*Asks:* 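My questions will all concern the structure given below.
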There are 4 protein chains.
Amino acid sequence: MPGQVSSAPSPRIERKRDKRVQEIVRTAADLFAERGYDAVSLDDVAERLDVTKGSLYYYFAGKDELCTAALETLGNGWMERLEELSAAYDGSDVGRLRALLHEHIMIAVRDYPAALRLFLVPREWPASQARSIKAMRTRHDAIFRDVIDSGVRAGEFDAISTDVTLQCMHAAMTQAPTWCGRLTGRARTRAIDELTDTLMLLVGCSRADD
Amino acid sequence: MPGQVSSAPSPRIERKRDKRVQEIVRTAADLFAERGYDAVSLDDVAERLDVTKGSLYYYFAGKDELCTAALETLGNGWMERLEELSAAYDGSDVGRLRALLHEHIMIAVRDYPAALRLFLVPREWPASQARSIKAMRTRHDAIFRDVIDSGVRAGEFDAISTDVTLQCMHAAMTQAPTWCGRLTGRARTRAIDELTDTLMLLVGCSRADD
Amino acid sequence: MPGQVSSAPSPRIERKRDKRVQEIVRTAADLFAERGYDAVSLDDVAERLDVTKGSLYYYFAGKDELCTAALETLGNGWMERLEELSAAYDGSDVGRLRALLHEHIMIAVRDYPAALRLFLVPREWPASQARSIKAMRTRHDAIFRDVIDSGVRAGEFDAISTDVTLQCMHAAMTQAPTWCGRLTGRARTRAIDELTDTLMLLVGCSRADD
Amino acid sequence: MPGQVSSAPSPRIERKRDKRVQEIVRTAADLFAERGYDAVSLDDVAERLDVTKGSLYYYFAGKDELCTAALETLGNGWMERLEELSAAYDGSDVGRLRALLHEHIMIAVRDYPAALRLFLVPREWPASQARSIKAMRTRHDAIFRDVIDSGVRAGEFDAISTDVTLQCMHAAMTQAPTWCGRLTGRARTRAIDELTDTLMLLVGCSRADD
DNA sequence: AATGAATGAGTGTTCATTCAT
DNA sequence: AATGAATGAACACTCATTCAT
């Protein structure tokens, strides 16, 4: 167990370790997103990192934990971007929601083209990791729920049920890469815009409202 | 009939065989839907059927073939129900679309609680299945595209892009079981209704329109 | 157990059974010679006969027994041809030996192109079948030993050791198909002749002696 | 050397690995020679090495690769001994050929008592091995063809066809262990000598010639 | 006499995990 | 901090054998 010998590890060493962990997690996240949990072996991860499989076990207790970490890293980056965007946005709720939807789709399509496997399709995770995934989803919902509730109060939005609306948006956005992924350039841009506009209908905003 | 060799099997035997095949396919379909292709072993299928793995090979050439058969059986049943409903429906496009959405969600939630794996995530399947799944999806889209296009022409609907609308509906409906599955009784019924109504917004129909 | 019910089976039925057994054995022999014991499954045999695997068990106790029968049939035919030739031959021992060698090679190359697997390479047979194979070899040796001994006594031949000579001849002749098999037409005929002549050297007969 | 990642393994480790590979290959070679490709399972190999099957895959990509390595190791050792003998021999072609024949038989009988499976029966091996085996045979033929051609030019030998002579010698020598294997001590020595002398007849050398 | 069905042991292969060094 | 080695439980698939009908 590293760092256990001399009371606490020096900050320098800890930083180095963190950096290594980050490298591993990033690589793993990429692979899991590309091929899905089952189709990725630890050998694959190790090879792409140019280390041996055994080394991974120095940093992670097993495949599941590595995957959880990957999920968290992936999700954290994603959510931070949305949270920052929401915080920075200055304007109507309509504009803010549209910006959030658009950004979510962009991230999904461009950065994590296969993340739906991780966030949409349930898998039997060990309990500890199920919690972590659920937390991510809650955080995601909070961001959008905030805007929608605010817009509803302001009379800008009209939703049958905020919960259901959130589910629909999440499902459609996360699924987006599978059909936008085929497109490129202008066609993709247009598809993303259309999707954004379509989802705005769920809160009663037609394009003419902007 | 002396000397008759390797004739076709009697109809009675053939019926029996067909029934057995159906049993196997059903069981396999359930398992694949529950856990996904990779996470289901032929031993799992065999055990649930209370036979040995080897027996499965008497009926199917391998895991892939079994899976294809399962997918097709599952999808055929589903699509047939939708097609019949659509054909039988007599009334406005608004009503027909709502009925289709409602039925799709009911099937998803009640009958194939985890089928999203089958129809949402394409990469999870071996190449051999990809075709079969795509065909199913095309068939599904045709049913809904029909109503939407008709409604648009009749001025009942207003969609930004039929394609995008179809994708959103499909994503949300197929994903439904993961969040409606937790509910029971009245709460579930209400959730399904709300989801139906929410999706109607995508073609510009608010509840007041009915 | 067939034929057990009414004391003895009628000759007509027995003949029919024998014919069936012959069919099976022939087919099996062909397959074993083509691909070798391990590479032939009972399904292969059954399919070529256009019956089901189960039927084979009505006539044979198992794969090994079927193979033994095939070997015996193969070997009997072979040996009979050599024995008849030897008995019919009227002339010097030189001529008789040459004729036997030539015939053996012809049979090996033309009729049982892969029999070396069966007669040259030892396999761990169950005891009962090992005996049967050994008997075949003994019978083969007897045919050639006869001529050679006779020739030696007559002063026509000169062998260092009859046993060793027999082994060499048998090895070379049985192996022949693997190198003559590639040839066709005239080239093959010539190769067979050359081989015959070469083997005659083992008993001290150069071509000029004829 | 900090930060050095995935460097080449130290020579000490590499040596150790090579030794292990040698162990495995030797064991596999023995087994394949004893029973043939199909009849040897990786479990057999593993058990004789007292490791688990999985370990073999750490060193070899699969059964075929292991078999290829085994064949090559076996054949290389054999051929090297013959080549060295031929190079070192100083004397007439008669003496050199006799020495080569004798050595070949000794190796076959004493060191690789069942190698006939490797060099006699081509069809028993998967296609991937066929090349390797053929190469070995070519190398073998070259050694003996050399002496024979030289002897023929020098008037020491007389052969009907060098090719056919080579085939006969090869067949008889390789087959030798199956009949000399039973003998021991003096009897075996005598049998080997007789076989050598008998094969010398194929190039027209009777014992008196020496 | 023959079939369809089922079995169970075995076969090559993969892979998460462990561990001494 | 990392490696090379080994393990053992799975897995898809094959096949000789059995048996009720």
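Every chain is numbered from 1, with letters handed out A, B, ... down the list of sequences. Computed from a predicted structure; not experimentally measured. Note: hydrogens, waters and symmetry copies are ignored here, and every other heavy atom, side chains too, is used.
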*Asks:* Could you check Val40(A), Val51(A), Val25(A) and say which one makes a side chain to side chain contact (heavy atoms under 4.5 Å, CB included) with Val45(A)?
*Replies:* Val40(A)
*Asks:* In terms of the nearest nucleotide of DNA chain F, which residue is placed more toward the 5' end: Ser55(B) or Ser41(B)?
*Replies:* Ser41(B)
*Asks:* Please list all pairs meeting salt bridge (Lys or Arg N to Asp or Glu O under 4.0 Å) that have one or both residues in residues 38-48 of chain A, counting only residues at least two apart or in different chains.
*Replies:* Glu34(A)-Arg48(A), Arg35(A)-Asp44(A), Asp43(A)-Lys53(A)
*Asks:* Does atom CG of Asp50(D) have more than 12 heavy-atom neighbours, drawn from other residues, nucleotides or ligands, at distances under 6.0 Å?
*Replies:* no
*Asks:* With a 4.0 Å cut-off, would you call Arg20(B) and Glu23(B) a salt bridge?
*Replies:* yes
*Asks:* Looking across every strand, which nucleic acid part, if any, lies under 4.0 Å from Lys16(B) by heavy atom: base, sugar-phosphate, or nothing?
*Replies:* nothing
*Asks:* Consider the side chain of Val51(D), meaning its heavy atoms from C-beta on, and name the nucleotide among dA2(E), dT7(F), dC11(F) that approaches it most closely.
*Replies:* dT7(F)
*Asks:* According to a 3.5 Å limit on both distances, what stems of 3 or more consecutive Watson-Crick or G-U pairs are formed with DNA chain E?
*Replies:* E:2-21 with F:2-21
*Asks:* Please classify the nucleic acid contact of Val40(A) as base, sugar-phosphate, or nothing, using heavy-atom distances under 4.0 Å.
*Replies:* sugar-phosphate
*Asks:* Would you mind telling me which of dA16(E), dT18(F), dC13(F) lies closest to the side-chain atoms of Tyr57(C)?
*Replies:* dT18(F)
*Asks:* If only side-chain N and O atoms of Arg20(D) are considered, is one of them under 4.0 Å from the OP1 or OP2 phosphate oxygen of dG4(F)?
*Replies:* no
*Asks:* Of Tyr58(B) and Asp50(B), whose closest DNA chain E nucleotide lies nearer the 5' terminus?
*Replies:* Tyr58(B)
*Asks:* Give a yes or no on this: more than 12 heavy atoms of other residues, nucleotides or ligands lie within 6.0 Å of atom CZ of Arg26(B).
*Replies:* no
*Asks:* Which nucleotide in the set dC11(F), dA1(F), dG12(E) lies at the smallest distance from any side-chain heavy atom of Lys53(D)?
*Replies:* dG12(E)
*Asks:* Please determine, for the side chain of Thr52(B), which listed nucleotide (dG8(E), dA2(E), dT17(F)) has the closest atom?
*Replies:* dG8(E)
*Asks:* Using a cut-off of 4.0 Å on non-hydrogen atoms, how would the nucleic acid contact of Gly54(B) be classed: base, sugar-phosphate, or nothing?
*Replies:* base
*Asks:* Which residue, Ala61(B) or Ile13(D), contacts DNA chain F at a nucleotide closer to its 5' end, judged by nearest heavy atom?
*Replies:* Ile13(D)
*Asks:* Would you say Arg17(D) reaches dG4(F)'s phosphate, i.e. side-chain N/O to OP1/OP2 under 4.0 Å?
*Replies:* no
